[in-house]
Q: 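Here it is, the structure in full.
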Amino acid sequence: MNLEFERGAAAEVHNTPGGLPSIPLVHLNDGNAIPQLGFGVWQVGNDEVVKAVATAIGAGYRSIDTAQGYDNEKGVGRAIREASVDRDELFVTSKLRTRLLGEKEAVEGLKGSLKALGLDYLDMFLIHWPAPVHDRYVAAWQGLIRAREEGLVKSIGVSNFLPEHLERIIWETGVKPVVNQIETHPEFQQREIRDILKRHDIRQESYSPLGSGAALDNAVIGRIAQQHGKSPAQVIIRWHLQEWLIVIPKSVHPDRIRENLDVFDFELSDDEMAAIARLDRTPEGRTGSDPSTFNDLW
Ligand SMILES: NC(=O)c1ccc[n+]([C@@H]2O[C@H](COP(=O)([O-])OP(=O)(O)OC[C@H]3O[C@@H](n4cnc5c(N)ncnc54)[C@H](OP(=O)(O)O)[C@@H]3O)[C@@H](O)[C@H]2O)c1
């Protein structure tokens, strides 16, 4: 068992100047590091996303998670280029859309993302979904490996991969993804996949960390939030951090964007962590698509 992985002892504090929150850095298996808490932009249009990302960067977020399929890379890129923070202080992630699954398509697709974002490299690029019925995800992974060799991206990973997809790309290419970005929140905790991720030193990145909002009304979360004088969203984000997951909540509201980052001044007790562990309702708690059956090419 890798204790550093388990306890997050390898984390460094990502200091942001001007009294902004310090966000721990998580080490990846390729030697790079990602802020443990980042900002998601799914379902935010190109115009609205400029303001949201600008607000997030101003509040202290340094990691932004977009995707080709969100159709907002242009707006995300504009906010990044206009920010008063150097490019190398930001960690920018995008994801390959399923219709570009394929080796050549993945490299060209990544170049398309860079063009839309107006950036000359990405910090991380993920295969968004394996879409297993098309059997193109290994070829796409070979494309991401090539793109990394060409310097278009620093770290490569996957999203929505099940154990069999992970083991196949590792077996066929010898290259491990740095993260698997998967739906994870108190009502869908993804505990079964954690052992295999740990075995391969792959980090779990929680998407829809608030259950796309659905987990915020949970009575147990509400009670814990009241005890700490924090909001339900803050308690859930804190749970992800203490579970040593990478977490990327989304909001378009400036007060919530700031609130979701204000999670470093309290700690959940062992009893509170145990109470949240009991909220798992796998598989009913899933709010998004099931990767074993999601095969849309979009
Ligand atoms: N790889 C994938 O397949 C995949 C799939 C889904 C998501 N993701 C990534 O994960 C990110 C986060 O997931 P998500 O967008 O599904 O949802 P989420 O972060 O779990 O929840 C967002 C929802 O909660 C609300 N919210 C946020 N902060 C709040 C607060 N402090 N108080 C009350 N409500 C709050 C937001 O509303 P407002 O915006 O109105 O504040 C929004 O409705 C995405 O943006 C995307 O980057 C990846």
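Whatever order the structure lists ligands and atoms in, that order sets their numbers, starting from 1.
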Q: Would Val138 and Val158 show up in the same hydrophobic cluster when neighbours are defined by side-chain heavy atoms closer than 4.5 Å?
A: yes
Q: I need the nearest protein heavy-atom contact for atom 6 (C) of ligand 1: residue, atom name and distance, please.
A: Tyr207 CD1, 3.2 Å
Q: Could you go step by step and tell me if Arg256 and Asp262 meet the salt bridge (Lys or Arg N to Asp or Glu O under 4.0 Å) rule?
A: CA-CA 10 Å; Arg256 292 177 176 175; Asp262 181 17; over 6 Å; no
Q: Decide whether a cation-pi geometry holds between Lys154 and Tyr121; the criteria are a distance under 6.0 Å from NZ or CZ to the six-membered ring centre and an angle within 45° of the ring axis.
A: yes
Q: For ligand 1, which atoms sit closer than 4.0 Å to a heavy atom of Trp129?
A: 3 (O)
Q: Would you call the rings of Tyr70 and His128 parallel, tilted or perpendicular, where under 30° means parallel and over 60° means perpendicular?
A: perpendicular
Q: Please name the residue in the list Asn180, Val247, Leu126 that meets the side chain to side chain contact (heavy atoms under 4.5 Å, CB included) test with Glu205.
A: Leu126
Q: Between Lys95 and ligand 1, does any nitrogen or oxygen pair lie at a separation below 3.5 Å?
A: no
Q: What is the nearest protein non-hydrogen atom to atom 17 (O) of ligand 1, stated with its residue, atom name and distance?
A: Ser212 CA, 3.4 Å
Q: With the threshold set at under 4.0 angstrom, would you say Gly211 reaches ligand 1 through any of its heavy atoms?
A: yes
Q: So, do Asp201 and Lys198 sit near enough that their side-chain heavy atoms are less than 4.5 Å apart?
A: no
Q: Hey, can you tell me if His165 and Tyr137 have their rings parallel, tilted or perpendicular (30° and 60° cut-offs)?
A: perpendicular
Q: Starting from the C-alpha separation in whole Å, work towards a yes-or-no answer on side chain to side chain contact (heavy atoms under 4.5 Å, CB included) for Gln204 and Trp244.
A: CA-CA 9 Å; Gln204 181 170 338; Trp244 204 241; over 6 Å; no
Q: Check the hydrophobic clustering (I, L, V, M, F, W, Y; side-chain heavy atoms under 4.5 Å; chains of links allowed) and say if Ile182 and Trp42 are grouped together.
A: yes
Q: Have Ser292 and Asp290 got a donor and an acceptor in their side chains that come within less than 3.5 Å?
A: yes
Q: Any idea which part of Ser208 is under 4.0 Å from ligand 1, heavy-atom wise: side chain, backbone, both or neither?
A: both
Q: Between Arg256, Glu48, Gln234, flag the one that comes closest to atom 37 (O) of ligand 1 by a heavy atom.
A: Arg256
Q: Identify the residue among Gln242, His240, Gln234 that makes a side-chain hydrogen bond (donor to acceptor under 3.5 Å, both in side chains) with Arg238.
A: Gln242
Q: For atom 44 (C) of ligand 1, grab the closest protein heavy atom and report residue, atom and distance to one decimal in Å.
A: Trp42 CB, 3.4 Å
Q: Would you check whether Tyr70 reaches within less than 4.0 Å of ligand 1, judged by its heavy atoms?
A: yes
Q: Considering only heavy atoms of Pro249, which atoms of ligand 1 have at least one such atom less than 4.0 Å away?
A: 19 (O)
Q: Spell out, yes or no, whether Leu119 and Phe125 are grouped together once hydrophobic residues are joined by side-chain heavy atoms under 4.5 Å, including indirect joins.
A: yes
Q: Can you tell me if Ser231 has a non-hydrogen atom under 4.0 Å from ligand 1?
A: no
Q: What atoms of ligand 1 come within less than 4.0 Å of a heavy atom belonging to Gln181?
A: 1 (N), 2 (C), 4 (C), 8 (N), 9 (C), 48 (C)
Q: Do any nitrogen or oxygen atoms of Pro209 come within less than 3.5 Å of a nitrogen or oxygen of ligand 1?
A: yes
Q: Of the backbone atoms (N, CA, C, O) and the side-chain heavy atoms from C-beta on, which set of Leu126 has a member under 4.0 Å from an atom of ligand 1: side chain, backbone, both, or neither?
A: neither
Q: Show your working on side chain to side chain donor-acceptor pair (under 3.5 Å) between Ser231 and Glu259 and close with a plain yes or no.
A: CA-CA 8 Å; Ser231 71; Glu259 174 186 314; 2.6 Å; yes
Q: If the cut-off is 4.0 Å to any non-hydrogen atom of Leu216, which atoms of ligand 1 fall inside it?
A: 33 (C), 34 (N), 35 (C)
Q: I need the atoms of ligand 1 closer than 4.0 Å to a non-hydrogen atom of Ala233, numbered in the order shown.
A: 30 (C), 31 (N)
Q: Please work out which of Val41, Ile64, Asn260 has its closest non-hydrogen atom nearest to atom 31 (N) of ligand 1.
A: Asn260
Q: In the protein, what heavy atom is nearest to atom 47 (O) of ligand 1, and what distance, to one decimal place, separates them?
A: Asp65 OD2, 2.7 Å
Q: Tell me the protein heavy atom at minimum distance from atom 11 (C) of ligand 1, and give that distance in Å.
A: Ile248 O, 3.2 Å
Q: Suppose I only count heavy atoms of His128 and a 4.0 Å limit; which atoms of ligand 1 are within that range?
A: 1 (N), 2 (C), 3 (O)
Q: Just go through Glu205, Arg258, Lys250, His185 and tell me whose heavy atom is the nearest to atom 26 (N) of ligand 1.
A: Lys250
Q: Would you check the N or O atoms of Leu210, main chain and side chain alike, for any that come under 3.5 Å of an N or O of ligand 1?
A: yes
Q: For the side chain to side chain contact (heavy atoms under 4.5 Å, CB included) test, which of Arg194, Arg191, Glu243 pairs with Thr184?
A: Arg194
Q: List the closest protein heavy-atom neighbour of atom 3 (O) of ligand 1: residue, atom name, distance to the nearest 0.1 Å.
A: Asn160 ND2, 3.0 Å
